[in-house]
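What you see is a predicted model; the values in this text were computed from it and never measured.
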2 protein chains.
Amino acid sequence: MVTINDIARQAGVAKSTVSRYLNNGSVSLATREKLDKIVKETGYTPNTFARSLKATKTNMIGVIIPRLNSASTNEVLSGIDQKARESEYDLIITNSNQDRERELGNIQTLINQKVEGIILLAREITERHRKLINDANIPFLVLGQKAEAIHSMAYSDYEAGYKIGQYAIELGHRDFLFFGVSEQDKAVGLERKNGFLESLKDTTDTTVKIIETSFSKKVAYQDAIDALPNSKASYVVCATDNIAIAVLKAAVELKYSVPEKFSISGFGGYEETDYVQPTITTMSYPYKEMGIQAVENLTKLVNGIDIPYETLLPNELIVKNSTIKR
Amino acid sequence: MVTINDIARQAGVAKSTVSRYLNNGSVSLATREKLDKIVKETGYTPNTFARSLKATKTNMIGVIIPRLNSASTNEVLSGIDQKARESEYDLIITNSNQDRERELGNIQTLINQKVEGIILLAREITERHRKLINDANIPFLVLGQKAEAIHSMAYSDYEAGYKIGQYAIELGHRDFLFFGVSEQDKAVGLERKNGFLESLKDTTDTTVKIIETSFSKKVAYQDAIDALPNSKASYVVCATDNIAIAVLKAAVELKYSVPEKFSISGFGGYEETDYVQPTITTMSYPYKEMGIQAVENLTKLVNGIDIPYETLLPNELIVKNSTIKR
DNA sequence: TTGTATGCGTTATCAT
DNA sequence: ATGATAACGCATACAA
């Protein structure tokens, strides 16, 4: 391994000169050229660890994601990646695999790595999260969930649920089947559902059956196969696009035609909803945009610029062919 | 920030004792308990950089992926992640965004980070790659493409293409439309196509029209809209599942019924092919398994155990409802 | 502009 | 079992 000392020796200068050459750059043209040459020849690159040991700035942002094979996560991530690149930040991406202990461990690891800020795609913020974050005194941004007294960016899921309900009511639907997920996930499990339920309150004669299923298509498919035959619903609300796609498959399997027999809608705005038959009406979320804005916000925090604790991103109803008038 | 010195001072011992306590652990019970307490109270964790500055082992594996929003990439990645976790390796995941300069930069970064080995999900290995790898003298594993004199793992894409062709011929098809991608991608663009073409050679009276499209569904969809009306093919071979899904959508749009009007098959074995109508016949690739084996192989290399330069993974034809006899 | 000396937090060597 | 000290590679305050 070639070090700054090697370069200095070969060039016949002090290593501080080399260091200066590498950083602020107050060196004479002659030595600069000499060093240019030697660095190139040797392929020398500064040792990150030695550098970071001294430095206060590492130019790195840490990201913690809940899992690797999620379409929405990866969209957010690619937004983060794009903006981080533009802002000349390096990214450290870690995966918690939906494991809380691992998530906390990842935060600690990132702090040790002296990242300048952490972006956490989270489901729930516990006291231990708070303690860790406070002790480290590091800019921290939670994505996808709101969190008291912590900077966060989230979608207005309650409103999204409400809008879906409103839309369905306007179409004349009164009997609903709702496929949700665990309330542990505040945004997806709780708020979407509550917003939806709230939207029905102004209308009489509505019925709702709620089924808790999973993010997994396979599980959701099976749950739909079980539930659809016993349902009188004319509109099936699915808490995610994946669930909607699975329910659609179950419907096809059971020979219920969609949307004639019942309408289906999802949440997420995944590209995949465009490539099934019928295409699925969905609440679209600006995932990539969230990633971009997350880095922007974090950059502000890093630079001591104040931002509101909570940033809400809009969502938009995309009507496609899976929903019709009753 | 609390350091090993703080701990030592508080415990009234030398920092070397604390270091020993942290590592091999040859300390008396009394001091151990004292240190346990203090470490817990202060929330002390060793500084990664200082550690890595001395240490020869970092316990980190570097991974370079071409993009963040690809289903296959993420499957591989989740296999890598799982096995790395089991093997107590930390992962550094970097994204090249399909940019060669960035890819080379990432390799350099990872080398600087003193990772113990690098896994590269690659399209092409250039001389500059080789130089970098050789100079660093670090275990290196290329995934998805073969590479001369570099350890690699790949699917037998040629064989996969051949098997698809064979299957279609057996079904009685003679007229083909092939949606491929750029030959720059050796595995997907070249080998699948060549294997397929080779399989037709034993049969007379076959016709093939080849169209080069893109990995993007949107582009593939548009290309299919343009190409399908002018095609007399009874079987459409798509070089990826995404392309197959896009072609299917185009077919529906154009009111061609699949598989009656023509059969469609893909490559990849994506879950998504199970959730469209009809479900799509595909060559399934063990993506996650590749990730797992990649870490196993890299671990061997790190430990100086020799493995063959080339590891080929099998693939399997999954027949579904998009292909029928002619 | 350049060189000298010091310190960053840790591990390793060698005494004790 | 424990402590003192050197070393890792680099940045920087200060002196020249």
Task: Nearest-neighbour nucleotide for the A/Val27 side chain, C/dG3, D/dA11, C/dT2 considered - done: C/dT2
Open item on the list: So, does B/Tyr44 get its side chain near the phosphate of C/dT10, meaning an N or O under 4.0 Å from OP1 or OP2?
Closed with: yes
Open item on the list: Could you check whether the side chain of A/Thr17 and the base of C/dG3 have a donor-acceptor pair of N or O atoms closer than 3.5 Å, going by distance alone?
Closed with: no
Task: 5′-ward residue of the pair A/Val18/B/Ala30 relative to DNA chain D - done: B/Ala30
Open item on the list: Expressed as a whole number of angstroms, how long is the span from B/Ile7:CD1 to C/dT10:P?
Closed with: 9 Å
TODO: For A/Lys15 and C/dT6, give me the distance from atom NZ to atom P, rounded to whole Å.
DONE: 12 Å
Task: Salt-bridge criterion met for A/Glu41 and A/Lys37 (N-O under 4.0 Å) - done: yes
Open item on the list: Check this for me: does any side-chain nitrogen of one of B/Glu124 and B/Arg100 sit under 4.0 Å from a carboxylate oxygen of the other?
Closed with: yes
TODO: Would you tell me if any nitrogen or oxygen in the side chain of A/Asn47 comes within less than 4.0 Å of OP1 or OP2 on D/dC10?
DONE: no
Task: Set of residues satisfying side chain to side chain donor-acceptor pair (under 3.5 Å) with respect to B/Thr45, sequence neighbours excluded - done: A/Gln108, A/Asn112
Open item on the list: Whole angstroms only, please: what is the CG-P distance between B/Asn5 and C/dC8?
Closed with: 8 Å
- [ ] State whether B/Ser16 places a side-chain N or O below 4.0 Å from either non-bridging phosphate oxygen (OP1 or OP2) of D/dG3.
- [x] no
Task: Whole-Å distance separating the CG atom of B/Asn112 from the P atom of D/dG9 - done: 13 Å
Task: A/Asn23 CG - D/dC10 P separation (whole Å) - done: 11 Å
Task: Side-chain N or O of B/Ser19 closer than 4.0 Å to phosphate OP1/OP2 of C/dT10 - done: no
Open item on the list: Does C/dT2 have its OP1 or OP2 closer than 4.0 Å to a side-chain nitrogen or oxygen of A/Ser28?
Closed with: yes
TODO: Using whole Å, report how far CZ of B/Phe49 lies from C1' of C/dG7.
DONE: 17 Å
TODO: Rounded off to whole Å, could you give me the OH-to-P distance for the A/Tyr21 and D/dC10 pair?
DONE: 14 Å
Open item on the list: So A/Gln145 and A/Ile125, do their side chains get closer than 4.5 Å, heavy atoms only?
Closed with: no
Open item on the list: Categorize B/Val13 for me: base, sugar-phosphate, or nothing, with a 4.0 angstrom heavy-atom threshold over every strand shown.
Closed with: sugar-phosphate
Task: Listed nucleotide nearest any side-chain atom of A/Arg51, set D/dG3, D/dC10, C/dT4 - done: D/dC10
Open item on the list: Applying side chain to side chain donor-acceptor pair (under 3.5 Å), can you list everything that pairs with A/Asn297, at least two apart in sequence or on another chain?
Closed with: none
Task: Mutual orientation of the aromatic rings belonging to B/His151 and B/Tyr309 [parallel < 30°, tilted 30-60°, perpendicular > 60°] - done: tilted
- [ ] Go through D/dC10, C/dT10, C/dG9 for me and flag the one nearest to the B/Leu53 side chain.
- [x] C/dG9
Task: Closest to side chain of B/Ala50, choosing from C/dG3, C/dG9, D/dA4 - done: C/dG9
- [ ] Hey, which sits more toward the 5' end of DNA chain C by its nearest nucleotide, B/Thr48 or B/Arg20?
- [x] B/Thr48
TODO: Starting from P on D/dA4, measure out to CZ on B/Arg9 and report it in whole angstrom.
DONE: 14 Å
